[in-house]
Amino acid sequence: MHLNYLTLERQAHFLNRQTGDFIIAESFTQNRNEWILLCRKDDQELVLQLSCDGKYPHVILLDYVKRRRNSVDVMPEVLGWKIAGVELMRGERIMTMLFSGREETLVLRLFTNRSNFLLVDGQQTIITAFKSGRDEAGNAFKMQEQSSPFLPDLDLEEFTDFLLDKEDLSLEKALRRIRPFNARLAFEALKRTGIDGKQKAGVLGEEEILSLWEGAWDLLADCQNGQACIYQLSEYEEVFTPCPFRSMEGEATKTFDDVNSALRSFNFRAARLMHVGRSKTKYLQLLSKKIDKLDHSVEKLRANKVDPQKKAHYQRIGQLIASQPHLIEANVRQVTLIDYYDENMPEITVNIDPERSAKDNAEAYFKRARQYDDKVASYHKKADTLEKQLRELSVLRESLEAAETVKALEKVEEQLKAARIVQPDKAERSDFRLPYKEYFWKDFPVRVGRSAKDNDQLTFKHSAREDIWMHVQGYSGSHVVIPNPARLDSLPNDLLTYAARLAVTFSTAKHASYVPVLYTQIRYVRKPRKSPPGTVVPANTKTIFVDPLGPDELM
């Protein structure tokens, strides 16, 4: 209804009264699809805002506007022109702005996605346009022929003939074929007259047609003179009407003394609500996609089960190599052994490392047997971690689905950005980007700095005094921090070992073995003045010797 002919007709009358004899002093844009005309008369000043937004185009009067640095001057031709009046083309959603002593006209076409503002000369040739000015310039401005009748041009007989001729359509649909009726106006007219809009138009009696005719004209009169209203159907949906609608009774409503104030409130808020509604839909899609992906990963990890035969196979080969070392020759990659565990004692061929001794090759197979259990356990451990994330994201999705206020949606949006489901704006990225990556040992988080600068942030901005700090001794690498919110005097040895192995893995010692790792509490770590990023001096340190984590152990 904010773009209905009846609404635009009232707005044109309002603007005509307010803008007469004002001179256009400035013409600029500072937002996409928005044109600002700053007008002056004597010591008075007014601001016209023209928008060709695809969803909410409008022409409204503002109290003031602040010209920003990013403003761009547009259509300088109109500067210094005196406004003679504003009119609405009969039966069309097109306003025209006339100028004193000039044949040029500013045509304001308000057609949702086809909205544009055209400067037209006296021969109806387009001089320039707000959008696609080069493409529009030189074209003839033509009105599109309308096939539907316009109610103010009809008499009762023509109105009757038109409806009865639409015998295959419902009355509501037939009424919508008459301008300026749209779905909401047609429904309101039928509501006021009490006529069933679902019945076929061709079966109407004379009394019903007369009642509808009178009701339609009464509704048009109310739209031209009544108080404009905004009905709030939900947190994200509002409806503008040029007068109170009986079909909207019971809905939360605001009334306005003039249509300009109502349109200004509606367009500004509706644009924001539309953005919020679209954002909610977008976030739900992103979140659901992430949850589906995690579900698939968990299912895949859970499918890895212990195969006793495979484990026994590695142990068996190790024992066969250990019992037949004399068969292993130097610099060979395969060896043929006698399988003593088979009563037929067949020969089998197994792969070996040519650079290792028989003893070391046997131990390698024993280690693979031991690691087989650990590998499967690591898969399930990863699955446990992912399932924890799944639970958190499922709760977040429930919060998002339940968000019925702008404030609630913004709160969920912050959580989505922190979880990196939604990309923060460029200006926000430093607020939502964490300087560390988090890993888990059982339910204990372990944080690993992402870079030298991030190491400083992790150690001195994102850690508490009682947290445990770690770093590889003698090598460059990431700071590793074990949060200790419970302020425990000592942490599990397995946790310390896992964190220390992370420190080695994310250092230049990642290919070494038995690497020394220093650890202490954050309170004993200081940063020398003017030292390079990541450089610190720890005190009261202890040392633990560990190997780096394998690819399957990195969780």
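Just so we're clear, the structure is a prediction, and the values are computed from it rather than from any experiment.
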- Task: Return yes when atom OH of Tyr64 has more than 12 non-hydrogen atoms of other residues, nucleotides or ligands closer than 6.0 Å, and no otherwise.
- Result: no

- Output for pair (Ile230 CD1, Met248 CE), nearest 0.5 Å, gives 11.0 Å

- Query: Does CG in Asp342 sit with more than 12 non-hydrogen atoms of other residues, nucleotides or ligands closer than 6.0 Å?
  - Reply: yes

- Query: Taking everything shown except Arg32 itself, do over 12 heavy atoms lie less than 6.0 Å from its CZ?
  - Reply: no

- Item | Carboxylate-amine/guanidinium contact Asp295 Lys300, below 4.0 Å | no

- Message: Any donor-acceptor pair under 3.5 Å linking the side-chain atoms of Arg465 with those of Asn484?
- Response: no

- Query: Salt bridge between Arg316 and Asp339, side-chain N to carboxylate O under 4.0 Å?
  - Reply: yes

- Task: Give me the one residue out of Phe460, Tyr436, Phe506, Trp469 that meets ring-ring contact (aromatic ring centres under 6.0 Å, His included) with His479.
- Result: Trp469

- Message: Counting only heavy atoms not in Lys527 (residues, nucleotides, ligands), do more than 12 fall under 6.0 Å from its NZ?
- Response: yes

- Message: Applying the side-chain contact (heavy atoms from CB on, under 4.5 Å) criterion to Trp35, which one of Gln30, Met75, Gln49, Lys131 satisfies it?
- Response: Met75

- Item | salt bridge (charged side-chain N to carboxylate O under 4.0 Å, His left out) assessment of Asp63 paired with Arg264 | CA-CA 11 Å; Asp63 296 329; Arg264 186 169 61 185; 3.4 Å; yes

- Query: Considering residues, nucleotides and ligands other than Asn70, do more than 12 of their heavy atoms fall under 6.0 Å from its CG?
  - Reply: yes

- Item | Enclosure of Phe256 CZ (heavy-atom neighbours >12, cutoff 6.0 Å) | yes

- Message: According to ring pair (Phe, Tyr, Trp, His ring centres under 6.0 Å), who are the partners of Phe245, at least two apart in sequence or on a separate chain?
- Response: none

- Query: With distance as the sole criterion, is a donor-acceptor pair present between the side chains of Glu466 and Gln521 under 3.5 Å?
  - Reply: no

- Query: Can the ring centres of Tyr519 and Tyr524 be said to be less than 6.0 Å apart?
  - Reply: no

- Query: Among Phe240, Phe268, Tyr56, Tyr231, whose ring-ring contact (aromatic ring centres under 6.0 Å, His included) with His2 holds?
  - Reply: Tyr56

- Flag if over 12 foreign heavy atoms under 6.0 Å of NE2, His326: yes

- Item | Cationic N near anionic O, under 4.0 Å, Glu26 to Arg40 | yes

- Give a yes or no on whether Gln334 atom CD has more than 12 heavy-atom contacts from other residues, nucleotides or ligands under 6.0 Å away. yes

- Task: Quick one: list whatever passes ring pair (Phe, Tyr, Trp, His ring centres under 6.0 Å) with Phe545, sequence neighbours left out.
- Result: Tyr514

- Without hydrogens or angle criteria, can the side chains of Ser261 and Asp258 be said to hold a donor-acceptor pair below 3.5 Å? yes

- Message: Tell me whether Glu387 is salt-bridged to Arg302, with the criterion being a basic N under 4.0 Å from an acidic carboxylate O.
- Response: yes

- Message: Contact between Asp360 and Asp353 at the side-chain level, heavy atoms closer than 4.5 Å - yes or no?
- Response: no

- Salt bridge present between Arg447 and Asp454 (N-O < 4.0 angstrom): no

